[in-house]
Number of protein chains: 2
Amino acid sequence: MVLSTKDKILAKALTLFNEQGSDFVTVRHIASELGISHGNLCYHFANTDVIIEALYQQLVDKLNELTIQMTGLSENQLTILYQLSYRSFEILYQYRFLMLDFVRIMRRIPAIKLHFKALMQIRQEQFKHIITSMQANGFIDIPEKNIAPLIEQALLFGDFWISRAEILFDGNEQEKTAYYHKTFYALFEPYLCGNADW
Amino acid sequence: MVLSTKDKILAKALTLFNEQGSDFVTVRHIASELGISHGNLCYHFANTDVIIEALYQQLVDKLNELTIQMTGLSENQLTILYQLSYRSFEILYQYRFLMLDFVRIMRRIPAIKLHFKALMQIRQEQFKHIITSMQANGFIDIPEKNIAPLIEQALLFGDFWISRAEILFDGNEQEKTAYYHKTFYALFEPYLCGNADW
DNA sequence: ATACTTTTAGTACATTTGTTCTAAATTCTA
DNA sequence: TAGAATTTAGAACAAATGTACTAAAAGTAT
C-alpha cells in the first residue's frame, strides 16, 4: 500500500507540525523533507493553512469514529467514560500540534474556530448527558451546582494537558498520556461512589 | 508622568500582543503604532523576543510582589488562597498573550522556558504547602493520594483558562476572569470542610 | 497511437521581516 | 555654551515566504 502524494504530504506535515509547531513549518520545508518541489506541493495544497484544515478534519473524523464505537459498547458507564477519554487523549496526542498552537490556529483559520466552538458545545452536552446518566444509575454522586464546573474543568484539561506536558513533563514519553489521563480522571474521583474499584 | 520610549514600547507591545498574538506582531508594527521609526525601536529592543522577555519579567515581578503581599496577611488560609488566586488570574490576564502563545514562546525563547519550569516547581511546592497547612488547620479534608492530582489540575487550569476563554467564552468581558476563577476554585470545593461559607 | 488530464519541477516576483548602518537630531553634562 | 552621549529616522540588504506561472513529464482514456 503506497501512499498518494496528498497523503504523504499530510503525514509529513503532521510530523513536522508536531515537532516544530505549525509556524516555523512552511510549504517549502515540507516539500524539502519529502524530496518534492514546493510547486508540486502547492498544487495539492495551496498553503499550510489548507493542510492544517485537512489535518483538523482527520482528527475530528477519528474522534467521531471513536465516539460511535464506544457508544455501541455494553460496558458500564464508568468504564466507557474511562475508555473514551483515554483513547481520546491518545488520538489528540497524535494531532498535538493543533492543541499546542491552539489559539494561533483558531485566530488564523476562522473555519476551524467556528467548527471547534460547535464541537465544544456538543461535547459539553455529551458530558452532561453521561454525568446525569451516571448519577441516575448510582455511579456518582455530585451536587447539581458542581456539574457545570466539573464539565468545564474536564474539557479544559482535555484540551490543554498536551501544552503543559510539552513544557513541563520530564518523564518517559510512553507514560505521558497515561499520567495526564490519570490526573484528568482524578477530577471525577471525589464524586465517585464506592462501587468503582480501579 | 510621561513614559520613556522604552516603557511606551513595552506598553504598546503588550496591547498588540494581547490583541493579535505575539506572532503577527513585528517590530515594524509596534513602531508604526507608536509613530516612531523601527530603527529607533530596534535601538531599544533588538527584536520582538527581547520585548517578550521584558514583558515576561514584568509579569513575574508582579506575581512575586503579590505573593509577598498576601503571605503577610493575617486572614485565614482559605481566604488567602481565594484572594491570591483571584488576583493572580487578574494579573495573568493583563499579560495574557504569554499564555495564549504559551508553547510557541517557550519553544522560541529558551530562557523563558527554563525560568518558567523553575517557577512551576516553586508554585507546586507553595501549593502543596498551603494545602497541607489547610489540612492541618481543618479547613479541608483531602486524601493524601488526591493532593498531587489536585495541584496538577489547579496549575494547569491556572495557566490555560485564558486560552479556552479566548476561543469559547461568549459572555461579558468583565465577567470572564470571575467566571473562570469560580470554576478554578470549584476544584477545591469537594474537599472543603463546612466552615467555609462563600 | 493520439489526444487529454493530472502531476511535477523549476522559475520568477512581490512582500515581509530581521538586521545593520549612517547621519541627523536631541538631550545631557561639565 | 561647547562637546559628548544618547536617541531617533531612514535607508539598505539579505533571507524567507506566499503565490503564480510555465513547461515538461507521467498517466489515462478513447
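Chain A is the first sequence line, chain B the second, and so forth, proteins listed ahead of strands; every chain is numbered from 1. Since the model is a prediction, treat every value here as computed from it, not as a measurement.
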Work out which heavy atom in [X] is nearest to a heavy atom in [Y]; give both atom names and the distance.
X: A:Leu187; Y: A:Phe157; answer: CD1-CB, 4.2 Å
X: A:Val25; Y: A:Thr48; answer: O-CG2, 3.7 Å
X: A:Ile142; Y: A:Gln135; answer: O-NE2, 2.8 Å

Within 6.0 Å of CZ in A:Arg107, more than 12 heavy atoms from elsewhere:
yes

Could you tell me how far apart [X] ([atom1]) and [N] ([atom2]) are, to the nearest whole angstrom?
X: B:Asp23; N: C:dT16; atom1: CG; atom2: C1'; result: 14 Å
X: B:Phe24; N: C:dT15; atom1: CZ; atom2: P; result: 20 Å
X: B:Lys6; N: C:dT27; atom1: NZ; atom2: P; result: 17 Å

State plainly whether the residues A:Glu173 and A:Lys176 are in salt-bridge range, i.e. N to O under 4.0 Å.
yes

For the pair B:Asp170 and A:Lys117, find out whether any cationic side-chain nitrogen is under 4.0 Å from an anionic carboxylate oxygen.
yes

Respond yes when some side-chain nitrogen or oxygen of B:Thr26 is under 4.0 Å from OP1 or OP2 of C:dT16, and no when none is.
no

Hey, can you pull the residues of residues 37-50 of chain B with a non-hydrogen atom under 4.0 angstrom from DNA chain D?
B:Ser37, B:His38, B:Gly39, B:Asn40, B:Tyr43, B:His44

Any residue of residues 28-36 of chain A with a heavy atom less than 4.0 Å from an atom of DNA chain D
A:Arg28, A:His29

Would you check if the distance from the ring center of A:Phe102 to the ring center of B:Phe160 is below 6.0 Å?
no

How about B:Ser37 and B:Asn40: does a side-chain donor come under 3.5 Å of a side-chain acceptor?
no

